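Single-structure report; data block below.
Just so you know, these numbers come straight off a predicted model, no measurement behind them. All values below come from the heavy atoms of this structure, side chains included, with hydrogens, waters and symmetry mates left out.
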Number of protein chains: 2
Amino acid sequence: MSVNFEPLPFEPGYRRVASAIAARILDRTLRHGEPLPSELELAAQFAVNRSTIREALRELESADLVARRRGTKRMVVARPATDQVAGRMRHALTLNDVTVREVWAMLEVLEPPAAEAAARDRTPAALGKIKVAVDGYRTRNSSAQDVVDGVGGFFRAVAEATGNRVLPLMQEPLLQLLEAALRVVIDEAPPARSRIAGAQAKILAAIEAGDAATARLWMVRHVRDFRRGFELCRIDLDTPVPPPSPP
Amino acid sequence: MSVNFEPLPFEPGYRRVASAIAARILDRTLRHGEPLPSELELAAQFAVNRSTIREALRELESADLVARRRGTKRMVVARPATDQVAGRMRHALTLNDVTVREVWAMLEVLEPPAAEAAARDRTPAALGKIKVAVDGYRTRNSSAQDVVDGVGGFFRAVAEATGNRVLPLMQEPLLQLLEAALRVVIDEAPPARSRIAGAQAKILAAIEAGDAATARLWMVRHVRDFRRGFELCRIDLDTPVPPPSPP
DNA sequence: ATAGTATGATTGTCCGACAATTGATGGGCT
DNA sequence: AGCCCATCAATTGTCGGACAATCATACTAT
């Protein structure tokens, strides 16, 4: 019987430094908003070169564990924001050739319960945000960009109204992909704009009335409508979601 | 009426380099598994110093767009794996003080449709993996770690059986948080082990039989059981999920 | 008090260097 | 010929130092 040894994991210095700092952030020793020591000071504390510290900082920066306030030098401890994390996940999804159908299927799972929960747990402030989103879309939906923004804004407002902070994070990458797919087809389906506005109004009314069942029902229809839109445009649902456009 | 100017965005070199390489990866110019040029060559191509290239590489590495095969030097283009992306999102969730209740609510949303879809779209291979997971848990559930692994493995196998590649990615951060919470309480609730095994068996049988309704029903009970477990242990569901334990 | 200025600290970038490790080359052996 | 091993160039990880540009602060003049 031979004893099997795992290969000793060699971790380069920049990674050990990054892990050490990340651990301090995650266990709240370094708190949100707190400024990090300067690079030279960190280099002295860890007894490594400043270059090593800088490579570690780039890693933490990419993970959104540290950030820099606009127009300032010192880095501060950051709390990863929704869109940042979603960007990572969107990369993963596009590189795995996820299809429009898969994204849509997840929306079909997430959104009806979200509407239901929003109708139950809405607050006046959250309800106001949904109203703003619905009104904004109704008054401004001429360009494709307007439609994409309006659709995303409505879903985001509903998700926020649930009070569950996990939902916006899970939803965000899906919305980013939906927006990318929507941008391509929105001008091919003229009646889509008004159907969207109608569904949003119905859902808003149900949420305002606290009618969870109706909110869910109309959200089911609303999500299904996106699929129908793609089908009407003869878009194969099994094509991969389009890669991010270079802005 | 004052004209508002956006601040001129200054992007440091390492970020521009990272963005340029990332764009090439996302538009498939650089394909999965392809080796990157050496740091010196990249420095020559971008006309910047090697230090700048290295900082950019750390950023890409942290985003899992490039990686290094173990025991090798050259970096290769990578496809972000589920657990890597999930780690980022888990950081975001813990730093936002997400509660056990919120995580559980998302599981309640995701898992029943997952079981339903698995019963519809299962393949023999995927079904086999679920069987392995269920058998593995039934035969090895003595330590808390065994239970945690078994629970996670079951959910992962079911999610994979749906054929939707988005689901495992969305589910993974939730599972990691569930596992963290479960590790704390599993030894306080002796009957939980057998209840979990029973539910897994029912769900497996329903998926094997293609009975979507029953699969969903038992998954609802299964997920609800976790909540009951926490309540029985007098765990306040509104406590934040525990931070990652330093292994 | 406000505007302008001087001063020091900090970051972004560059250059050069070196040990350790890896990939490749080529020679020797069967 | 094919295989194994020694040698060597290439590459990475890390270090030290350097400098311009920018930010923070204290100080000064109006």
Open item on the list: If I take atom CG in residue Leu36(B) and atom P in nucleotide dA10(D), what distance separates them, rounded to the nearest angstrom?
Closed with: 20 Å
Open item on the list: Nearest whole Å is fine: how far is dG13(D) P from Leu57(B) CG?
Closed with: 9 Å
Open item on the list: It should be established whether Asn49(A) places a side-chain nitrogen or oxygen under 4.0 Å from OP1 or OP2 of nucleotide dT14(D).
Closed with: no
Task: Between Thr162(B) and Asn164(B): side-chain donor-acceptor atoms closer than 3.5 Å - done: no
Task: Between P of dA21(D) and CD of Glu39(A), the distance in whole Å - done: 19 Å
Open item on the list: Can you see if the side chain of Thr52(B) gets near the phosphate of dC14(C) - specifically, an N or O under 4.0 Å from OP1 or OP2?
Closed with: yes
Task: Distance in angstrom units between Arg54(A) CZ and dG13(D) P, rounded - done: 17 Å
Task: For atom CD of Glu61(A) and atom C1' of dG12(C), their distance in whole Å - done: 12 Å
- [ ] Could you walk me through whether Arg15(B) and Glu55(B) pass salt bridge (charged side-chain N to carboxylate O under 4.0 Å, His left out), step by step?
- [x] CA-CA 8 Å; Arg15(B) 189 178 305 283; Glu55(B) 293 188 32; over 6 Å; no
Task: Rounded distance in Å - CG (Leu42(B)) to P (dA10(D)) - done: 17 Å
Open item on the list: Would the distance check show the side chain of Glu179(A) and the main-chain N or O of Gln176(A) forming a donor-acceptor pair, the cut-off being under 3.5 Å?
Closed with: no
Open item on the list: Output the rounded distance in Å from OH (Tyr14(B)) to C1' (dC14(C)).
Closed with: 15 Å
TODO: Give Arg68(B) one of three labels, base, sugar-phosphate or nothing, depending on what nucleic acid heavy atoms sit under 4.0 Å from its own.
DONE: sugar-phosphate
- [ ] Specify the closest pair of heavy atoms between Pro37(A) and Gln45(A), including all atoms of both residues, with the distance to one decimal.
- [x] CG-NE2, 4.5 Å
TODO: Report the distance from atom CG of Leu40(A) to atom P of dC15(D), rounded to the nearest whole Å.
DONE: 13 Å
Task: Upstream residue (5' side of DNA chain C) when Glu55(B) and Arg50(B) are each assigned their closest nucleotide - done: Glu55(B)
